[in-house]
Every structure is written in structure tokens, then in C-alpha cells.
There are 2 protein chains.
Amino acid sequence: MKRILLLGAGRSASVLIDYLLSNASQHNWQIAIGDVSVHHLETKLRPYPQTRAFAFDVQNQDQRIEEIAQVEVVISMLPALFHPLVAETCLALGKHLITASYVPPQIKAMEPEVKAKGLTFLMECGLDPGIDHMSAMKIIHHIKGQGGTVTSFKSFTGGLMAPESDTNPWHYKFTWNPRNVILAGQGTARYMENGAYKYIPYQQLFRRTQTFQVDGFGAFDGYANRDSLSYRDPYGLHKIPTMLRGTLRRPGYCQAWQVLVQLGLTDDSYPLEDSVNMTYRQLVESFLPVSADSLSLRERVAHYVGLAPDAQELQLVEWTGLFDEVPIGVENATPAQALEKLLVQRWNLSPGDKDMIVMLHQFEYELNGEQKKLTSSLVVLGDDEVQTAMAKTVGLPVGIATKLLLEGKLTSTGVVVPLQADLYEPILTELEQHGVTFTEKEE
Amino acid sequence: MKRILLLGAGRSASVLIDYLLSNASQHNWQIAIGDVSVHHLETKLRPYPQTRAFAFDVQNQDQRIEEIAQVEVVISMLPALFHPLVAETCLALGKHLITASYVPPQIKAMEPEVKAKGLTFLMECGLDPGIDHMSAMKIIHHIKGQGGTVTSFKSFTGGLMAPESDTNPWHYKFTWNPRNVILAGQGTARYMENGAYKYIPYQQLFRRTQTFQVDGFGAFDGYANRDSLSYRDPYGLHKIPTMLRGTLRRPGYCQAWQVLVQLGLTDDSYPLEDSVNMTYRQLVESFLPVSADSLSLRERVAHYVGLAPDAQELQLVEWTGLFDEVPIGVENATPAQALEKLLVQRWNLSPGDKDMIVMLHQFEYELNGEQKKLTSSLVVLGDDEVQTAMAKTVGLPVGIATKLLLEGKLTSTGVVVPLQADLYEPILTELEQHGVTFTEKEE
């Protein structure tokens, strides 16, 4: 019998839990699931005798030690900021750890000790980071194996809505932490293009998009992620002239979001005065110069950001309710918090809504003196608002990796990211059985 | 005999030192001056037997205690970040303190103890903050004394060049910490206009200017300072509908600076890759999208920021050397640090250069049912690149306040800012004798 502890049973863990349950009896797993609230799991777990759900407080050290001490492997789907705490206890008690989040510096620093104890801390094993690494490395290794040289690699991922549930003019609903969506791109994006370093400050980011087509699903706009440069070394692409990672949105979104950025609505650095009583319309006014003319608010916003009043961008902005005389109603709200409150009401999933994950890799490489292009794309659709494509693509790789680890097939020790064939091969193969399938196209 | 300790003898302390020396024998002062380096003071101090200059390290606690213990009052002209350290020792040893910098939270927190010990920590007693407070409060008290109500107060200050030394197309040279000039305005400006809160994000700040005329000196552009709202209470203008503090530049400066902001050149948040070898031209390129056309760099910058290639803004940008193939030559430089290195070479004072301080207050008030306007302006010219207008206007109020304190005429205790008549009256009166004179104009 092998014992698994899953910490975090929120929205993005639903498919992972199903995967673990469906494998439990065959592999003789005992599964414990801890989260702040686990009531929603009662019905689901009832048919599985070797399972247990319990209220868990990650900050409670005694409980953390008690629960982690009982198992072979810990899976953490908690918010990323708690992973160092969980990792510390895993290290102290000699337990393996699997997460779908980026390796934070505190865990990176544990590497020598993790290795010395023969443990595996597998990180970045979800969707992005996760499937992006695995699918890219498979192609990069293949090109290199043929004797080719990758000269350009652009990779974009988006968590969007399936066409049938794409029912608002932004073509977007929240399937991910709303706050992260509001603050996305803050800082400066860094990448390489044609051998030169490129930097995009936040206020230019959403106007510097590229458009991509995905067969059967139409057009997508991509904006650059914060740091594409740091992936050159782990991917073995030390001297690659072009390297860019980014995020996909449907056309229209980035252009309208740029208006919000230009106004200052995504600013999270200061609290608004009297934000309880201030209306959204007053909030928009607060970013505009005082005007003596009789133009409408929409016209003045248009003028301020250099658009025509009937521009589609302004239609999207108006649709959010930002021009309405509705109080923000939150004390000491930052502009970003005020905006989040509004968008959470507008971009919520309705029952039955299906989301969609789109991932796109574009490679250019030289092989035997020839310039070649290769595109690899993935589209995953959600079943409904619980079994989302997001939950599938984040949870399944974690579940599969857990199985490999418990079967003794994941032998790398230390802080591991799934960049090697012995990891990505079995995970990508099993993902295909679950409908997570890339389509490759050579040009 | 009274003993004064002056900490910090840099550029902005020159006039203060002269003031203290010229008053020393009459008032029987003993003056000690400490700074990292004091060689430049040897000749100046030689004629004054009751003076002493010495190498001082503010981080050296033993030295700090030893020197502060010997005097009645400490003047700190050190960089503002050291003031809490100096204040701590003053408080422990029961000594008065005078500075020209903003009250930091750490010193604000000392208020009850300072008061309990009967000490005076007089802060914000230079130019801005300092003369701005005093001259504004004098007018505000006058209007209130007549029974009037201030409905609008806009106040702008600039450290610029006298017309005869205004020899570059930016009409600007450094008379102040260059780094502060490069980073000026970062964050979000907040003010009130017509009863509504107004917020200007950094990327819009330098296009949101207002133009002012000063008799005999022509036009100035003003941009908003970071926080005008926090001055309402100290000024006794709790419910004022319009309140704005800002900074003056000559026309052309803000428009061209906006181009640098839009590109990302004032960003201080990340180090550039390979900044030793990167040229300024490559740095500008790094902020632009890759282009297939054959436009010049200037044309592409123009297009990117929405200007015509022959726009004056681009002439100013090109004048800085940003389009030159000259290496930045600094390791791990941020864009802001790279820009600072370039501008320090372009905006340096030449021998004989005269600077200019301009301060402008615009009041609107109601008196006996009438709407009135009052403008108060100050222009101070420097004598040369040492006896600058900046050094006069920062140093003289500090010197005069020191004299008042030692004469027992400054009796407020606690952490004090010069907002009361018993402080600003004698200081403004003596400033007039030194040519620091406001001109008032009623409309």
C-alpha cells in the first residue's frame, strides 16, 4: 500500500482528485485530502474506502507534520506561496513532493539537501508550467537528435472559453485566479528576437501582440510573458536568437485591456480615497483631466487614449460597467481591486460553461542547411464548469507523475522540472489517452 | 557659547555653511562640520577659529554619539535616508535637530518622546519642502484672517537654469540628485480638482502638464507631484475642492521626457542583459518591435510613440546621445541607470553656470461673496555653479531656523514643520534680506 497526501482541493484539483480515485484500488493507494474546507468532497469520496478528507490549515505546524509523516508522497495544489512551507516539512520528514507551480527560490535552495536525502521534489508539472515544458522539450530533443539547430521558439498558452460558451464581447471568463488576470503582465516583459534583447514595459504590453491561427478555432492574440530569457538555459537553447513565451487571448481582449491599463485601472499600488462611496463612473473620471466641454464620458475616454468614440475597445470597456454610477463599495480598494470586483461579476462561469485551453509552439530550425518551420498546437475543451480544461491540464500531469513516482519509474532526485525524456515521455503518452493531444504541422 | 553640529557638507550645503560662518562670531557659535570628505572646507574655515571640519561616518555609532553629545543643535544635510539614524541619537542625547527633508515615518513615530524631552526636531525647512510651506501658509492664514475661504490651491516648484545659462534644448541641467530627476514621478500622482479625486499613472504624467507664465521669465510647464492630498490637513484646507502640488520644467522637457517614459528608459526595476557591451542605440532598439522596413531609428521611435519624425521631442531625445553606438559600459545597469549615466554627461553644470529656482502659488478664494485669484511667485538666481539658487533656498531657511532656535525664539517642541506664523514670519522676513522675495499679484 502507498499513501498519498493531497493538499488543496480547490477548483483546479477536481480532475486530479478523480484521477487519483480512479487509480486508487488498482494501485492500492491510500489517499488523504486536506484543505480549509472539504465538505464538497464527502459525496465524491464515499465509494472509496481508502480515502479520507479533513480540514487542513497549512500554517498549523503540528498538523502539517502529523499528516505528512504518514505518507510516501505529498501533492500540493495549495496557493503557490505555501509551497516553501510544505516543502520544508517534506524535506524534514523525508517525503517526496509534487506541485504544478514554479520553483520558488526557497525551494531551489533546498536542492542539495533534497538530493542528499534521495527525494524527488517535482515542480512545474501542471499546464503552464508543465505541459508547455514537456511538449516543447520533446520537439527540441527531436530536432537536436536529427542534428538540427533551433533558431526560433515562440510558445503561447491561454485559458479561454470554448466557442459554445464564448458569450461575451471580451471572449473571456475567469477559469483562474481573477487577481492574477487583473495584474497579468505588470513588470517588464523580456525576450529575445533575431539575436537582440527585447523589453516591453507594462504600459505597452497589450498593444504589442501577435496574431496566431489555430485550425478549427480561429484567431488568437498573444502578448509576451514577463521573463522568456530564463528559459533558454533549462531548455538547452543557450544561444537561440529568438525566444518568446506568452499568453493567448481572443482578438479584441488585449486592445480593450490596453485602454484599462492606459487609464490606470489595473494599478494595485495605492488605495483609492473614499472607495466605498466612489462609483465606477467616478473612478474612470478620476483618471481623466477635468474637461469643460460637453462630451460624453465615453468620448472623453476615447480622446484620452487616442481612439474613435465608436471604437470596439470602448464598447468592451463600457460593457464591463465601468461607466455606471454604481459604488465600488469596498474600503481602501486599489483600482485593481475595484476592477476585479466588477469583472468577477461579468466574467463568471455559468452552469454548463465549457472552457478551453490553447497552447501553441512555433519552432524555426536549421536542418542540413535547410530552414524549417514546425508548429505544434493543443486545444483542450472543458466538460462543464467543474471538469474544466484548466483542471484537466493542470491536474492530469500531476496525477500521472504521482503514479510514476509511486511505481518507481520517476528516479531523478532533487528539485526536478519535467524537461527530461524519462519524465515527459510517459506523461505525454498517458495525457493523450485523456484527450490532451498536440497537433504538429511542418511547413 | 552655543555649539552647532552640521552633518553633510555637499553641494546643497555651501550657502548654509557661509551663513553659519558669517553669524558665528556675533552669536558666539562653535561650529563642527562632518562629512565623508571635508577637504574642500579647509580654506573656507581657516579664518574662523571656532570651527572644525572632520571626516564623519554616520553609520559609526561611537562617532555619532561622541559628536552629537558635544552640541546644542544638530543640522543634518545628509541624504534623507540617514535622518532617522541621526534623529535617534539626537533623541537619546536630548539634542535639537533641523533638516530640509520630509518627515519620514520613523521620525514621525518619535514625536511623543521628542515632545516629552522638550526637544525640537524641525523638518521640511528647506526649499521644497520648506519655503513652499512657509510662503503658502502665510497667504492661507492671511486669506482666512480676512474671513475668506480658499477654494483652489496649486503650487509648483522647479530647479532650473537661469536664462543666460540655459544652453541646451532640454533647458535643464542637474542641480539636484540626478537619480531623483530620472525617477521623478514614478508611482501615481494624486490630487483634487473641482471636488473630485484625480489620479495620474506615471505613463501619463508628463503629457498631463499645465503651462504657467512668470513675469520676466516666460513660460513653464508643471507636472503633478506624487501626493498632493496629504497636504490638505497640515495646511488646514481639509475640504478644499482643488489642491495640486507639482514640479516645473521649461516647455519641451516634459513632452520629450514622455517619449523616454513610453519607451521604458526610466525603468529602474530590472537589470539589462549584457549592459556593459550594449550600446545606447541597441538599448533604444530593445524597446521597439522588430521591423522589416528601412526606416531610420528616429522614424521608428516616432512611429512607436505616435509623433512625426521631425517632432521637437525626437530632436531632444536624439540630442542626449540615445541613438549613438556608444556602449553603456556599466554592469547590470537598469535602463534608468543607463539613462542617468548619459544625462550626467549632457546635463552637467559648466563653470560659471547659474541656476534658477522658480516657485509659483496660485490661489482661488471666496471673500465676502466674491471670487478672487492670487498668484505668488518666487524666482531666485544662482551666483555660479557653487553658490547655486538651490543651495541658497535649501540652506538659508535651515540657517535662519538654527539661529532662531539658538536664540530661544523657536519654542515649539516635538517634530515640527514650519507651518505656523511664529516660524515662517521671521524666516521669510530674513530670507527677503537675502533676495528670496515673493511677488504677489491679485486678479
Side-chain angles (χ1 to χ4, degrees), chain A residues 186-205 207-210 224 226-227 229-230 232 241-242 244 258 260-275 277-279 281-292 304-306 334-335, chain B residues 186-205 207-210 224 226-227 229-230 232 241-242 244 258 260-275 277-279 281-292 304-306 334-335:
Chain A
Q186 298 200 3
T188 301
R190 302 164 225 183
Y191 62 101
M192 295 219 65
E193 196 156 7
N194 299 346
Y197 293 108
K198 290 287 176 184
Y199 303 96
I200 310 181
Y202 177 59
Q203 77 268 18
Q204 305 281 6
L205 186 65
R207 57 173 279 216
R208 296 271 296 266
T209 56
Q210 305 178 34
R226 185 149 174 180
D227 188 3
L229 299 177
S230 64
R232 291 173 297 172
T242 298
L244 172 60
Q258 175 69 6
L260 305 185
V261 172
Q262 283 175 278
L263 286 171
L265 279 159
T266 60
D267 195 332
D268 197 45
S269 69
Y270 65 93
L272 296 162
E273 301 277 330
D274 194 25
S275 58
N277 299 309
M278 183 181 234
T279 67
R281 190 177 181 85
Q282 287 170 337
L283 176 60
V284 172
E285 282 282 5
S286 77
F287 293 118
L288 296 176
V290 166
S291 157
Y304 187 64
V305 301
T334 65
Chain B
Q186 298 199 3
T188 300
R190 302 164 225 185
Y191 63 100
M192 295 220 65
E193 196 158 3
N194 300 347
Y197 294 107
K198 290 287 176 184
Y199 303 95
I200 311 180
Y202 177 59
Q203 77 269 17
Q204 305 281 8
L205 186 65
R207 58 173 280 216
R208 296 272 296 267
T209 56
Q210 306 179 35
R226 186 150 175 179
D227 188 4
L229 299 177
S230 64
R232 291 174 296 172
T242 298
L244 173 60
Q258 174 69 5
L260 305 185
V261 172
Q262 284 176 277
L263 286 170
L265 278 159
T266 60
D267 195 332
D268 198 45
S269 69
Y270 65 93
L272 295 162
E273 301 277 329
D274 195 25
S275 57
N277 298 309
M278 183 181 233
T279 67
R281 190 178 183 85
Q282 287 170 338
L283 175 59
V284 172
E285 282 282 6
S286 77
F287 292 117
L288 297 176
V290 166
S291 157
Y304 187 64
V305 300
T334 65

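This one's a predicted model, so the numbers in the text were calculated from it and none came from an experiment. Order of the sequence lines sets the chain letters (A, B, ...), proteins ahead of strands, with each chain counted from 1.
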Backbone of B:Gln262 reached by a side-chain donor or acceptor of A:Gln204 within 3.5 Å: yes
Counting only heavy atoms closer than 4.5 Å, note whether B:Leu272 contacts chain A via side chain, backbone, both or neither. both
Side chain / backbone / both / neither for B:Tyr202 at chain A, heavy atoms under 4.5 Å: neither
Whether over 12 other heavy atoms sit under 6.0 Å from B:Arg190 CZ: yes
Please name the pair of heavy atoms, one in [X] and one in [Y], separated by the smallest distance, quoted to 0.1 Å.
X        : Y        : answer
A:Val261 : B:Gln203 : O-NE2, 3.1 Å
A:Pro201 : B:Gly264 : CG-CA, 3.9 Å
B:Tyr197 : A:Ser286 : O-CB, 3.1 Å
A:Arg208 : B:Phe287 : NH1-O, 2.9 Å
B:Lys198 : A:Leu288 : NZ-O, 2.6 Å
B:Glu273 : A:Arg232 : OE1-NH2, 3.9 Å

Contact leader toward chain B among A:Asn194, A:Thr188, A:Asp267, where contacts are heavy-atom pairs under 4.5 Å: A:Thr188
Under a 4.5 Å heavy-atom cutoff, which of B:Pro335, B:Pro289, B:Ala196 has the most pairs with chain A? B:Pro289
When rounded to the nearest 0.5 angstrom, what distance separates OH in A:Tyr270 from CG in B:Leu229? 10.0 Å
